[in-house]
Amino acid sequence: MNKDKQFVITINREVGSGGRTVGRLLAERLKVKYYDKALVAGLTKKFGLSIEEIERIKARKKTWWNEFNTYYTVLINSAQAPMEDEVKLTTASMFETEKAILQELAREESCVVAGRSGFLVFRDWPNSLHIFVQASMQHRVDRLIMKRGISKEQALEVIKEMDESRETYIQKYDDTSRYDTRNYQLVLSMDNMTPEAAVEVIMAYISQMNG
């Protein structure tokens, strides 16, 4: 990946690993936009998007970017994203909608995307880097207890449910596993590593790629 050209970095992560924080800090370091599932869901709800609606908006290119960029700024800077009426979409429709949104945004400018399907959405994207952030079970449990204020038993249940859900989601759309390291150029273990240190490792890796 050449950081001096338009790029996309995807961050897939295990819940409780701190991968979302790594993605956000990396985007700040690179001075690019950061997108995750919560943001895309917010955009979908805000604009009532479907594949057909996205194509219609894209036909008015200026409107697409201005509206989305404005809403992105509001969402990122607010303590709680404004909630709109839920958009009733099938799982397959939601995947295709999220994919279309992310790819259109990535065409506009460089970005970091954190989410369970990022490496699929941008698998063949030019000038991209795919990263997987993982951690030991103890690290994940401890982080969830600290971040969410829940018990160890609750943290273990969250991890089990999210791991299964994310793996099932991926396998609906591709014959692969999110744990298959061949889907990534870089895999990081967060044990004994802060998110800030992880960003330094990623930046060093990018520098080597550009060297």
Side-chain angles (χ1 to χ4, degrees), residues 1-43 54 58 61-62 64-77 95 98-135 166 170 173-174 176-211:
M1 188 201 85
N2 185 344
K3 66 181 177 62
D4 296 323
K5 298 180 180 180
Q6 191 164 318
F7 62 82
V8 174
I9 298 176
T10 69
I11 307 282
N12 269 56
R13 78 279 185 199
E14 293 182 308
V15 62
S17 66
R20 184 189 298 272
T21 302
V22 171
R24 178 176 53 79
L25 293 176
L26 179 63
E28 291 176 1
R29 178 71 174 272
L30 291 167
K31 296 181 172 57
V32 299
K33 293 288 179 64
Y34 167 76
Y35 302 122
D36 62 15
K37 183 171 177 61
L39 173 70
V40 175
L43 290 172
I54 289 170
K58 284 167 63 177
K61 191 70 173 181
K62 183 177 180 180
W64 160 279
W65 184 240
N66 286 348
E67 289 183 359
F68 269 56
N69 202 38
T70 299
Y71 186 65
Y72 171 89
T73 302
V74 171
L75 196 65
I76 282 295
N77 293 328
F95 175 79
E98 291 178 354
K99 179 178 178 180
I101 290 172
L102 287 171
Q103 289 188 348
E104 187 62 24
L105 294 173
R107 288 187 183 96
E108 297 290 342
E109 59 184 330
S110 296
C111 59
V112 173
V113 176
R116 60 189 177 185
S117 59
F119 74 90
L120 285 182
V121 171
F122 295 103
R123 171 178 285 171
D124 300 316
W125 205 258
N127 203 32
S128 59
L129 171 64
H130 306 296
I131 301 169
F132 187 64
V133 178
Q134 61 184 15
R166 289 175 176 177
I170 290 297
Y173 305 107
D174 198 88
T176 189
S177 167
R178 61 195 296 268
Y179 299 106
D180 187 340
T181 57
R182 290 172 295 185
N183 289 316
Y184 314 99
Q185 286 82 46
L186 183 63
V187 178
L188 293 177
S189 172
M190 294 301 293
D191 289 33
N192 303 311
M193 184 183 294
T194 65
E196 290 80 7
V199 170
E200 293 302 325
V201 171
I202 296 170
M203 292 299 296
Y205 181 80
I206 292 172
S207 293
Q208 287 297 315
M209 295 176 74
N210 284 265

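FYI, the numbering just counts along the sequence from 1. Please read all numbers here as calculations on a predicted model, not as lab measurements.
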Query raised in the report: Are the charged groups of R178 and E14 less than 4.0 angstrom apart, N to O?
Result: no
Query raised in the report: With a 4.5 Å limit on heavy-atom distance, are the side chains of R166 and Y179 in contact?
Result: no
Query - Q185 side, atom CD; F132 side, atom CZ - distance, nearest 0.5 Å - result: 14.0 Å
Query raised in the report: Side chains of C111 and V8: does their closest heavy-atom pair fall under 4.5 Å?
Result: yes
Requested in this report: Taking all heavy atoms of I206 and all of K3, pick out the closest pair and write down the distance.
Outcome: CG2-CD, 3.8 Å
Query raised in the report: Do K33 and L105 touch side chain to side chain, with heavy atoms closer than 4.5 Å?
Result: no
Report task. Answer yes or no: is there a donor N or O on one side and an acceptor on the other, between the side chain of Q6 and the main chain of P126, under 3.5 Å? Result -> no
Query - M1/I9 under side chain to side chain contact (heavy atoms under 4.5 Å, CB included): CA gap, chis, key distance, verdict - result: CA-CA 9 Å; M1 188 201 85; I9 298 176; 3.6 Å; yes
Query raised in the report: What's the verdict on side chain to side chain contact (heavy atoms under 4.5 Å, CB included) for R13 and V22, showing C-alpha distance, side-chain angles and the deciding distance?
Result: CA-CA 10 Å; R13 78 279 185 199; V22 171; over 6 Å; no
Query raised in the report: Near D124 CG, under 6.0 Å, is it more than 12 heavy atoms from other residues, nucleotides or ligands?
Result: no
Query raised in the report: In Å, rounded to the nearest 0.5 Å, how long is the span from CD of Q134 to CG of N12?
Result: 11.5 Å
Report task. Return the minimal non-hydrogen interatomic distance between V133 and S17, and the atom names on each side. Result -> O-OG, 3.5 Å
**Report entry** Side-chain donor/acceptor of N127 to backbone N/O of N2, under 3.5 Å
**Finding:** yes
Query - Note, T176 side chain near R123 side chain (heavy atom, < 4.5 Å) - result: yes
**Report entry** Side chains of V121 and Q103 in contact at under 4.5 Å (non-hydrogen atoms)
**Finding:** yes
Query - CG on L25 to CD1 on I202, rounded to 0.5 Å - result: 9.5 Å
Report task. Test Y35 against L102 for side chain to side chain contact (heavy atoms under 4.5 Å, CB included), laying out the working first. Result -> CA-CA 8 Å; Y35 302 122; L102 287 171; 4.0 Å; yes
Requested in this report: Over all heavy atoms of both residues, which pair between W125 and A106 is shortest? Give the atoms and the distance, please.
Outcome: CZ2-CB, 3.9 Å
**Report entry** Smallest separation among heavy atoms of I11 and G19, with atom names
**Finding:** CG2-O, 3.7 Å
Report task. Apply salt bridge (charged side-chain N to carboxylate O under 4.0 Å, His left out) to E28 and list each qualifying residue two or more places apart in sequence or on a separate chain. Result -> R24
Report task. Locate the shortest heavy-atom distance separating L129 from Y205; write the atom from each residue and the value. Result -> CD1-CE2, 3.7 Å
Requested in this report: Any chance you could measure T194, atom OG1, to E200, atom CD, to the nearest 0.5 Å?
Outcome: 9.0 Å
Query - Closest non-hydrogen atom pair between H130 and N183, with its separation - result: CB-O, 3.6 Å
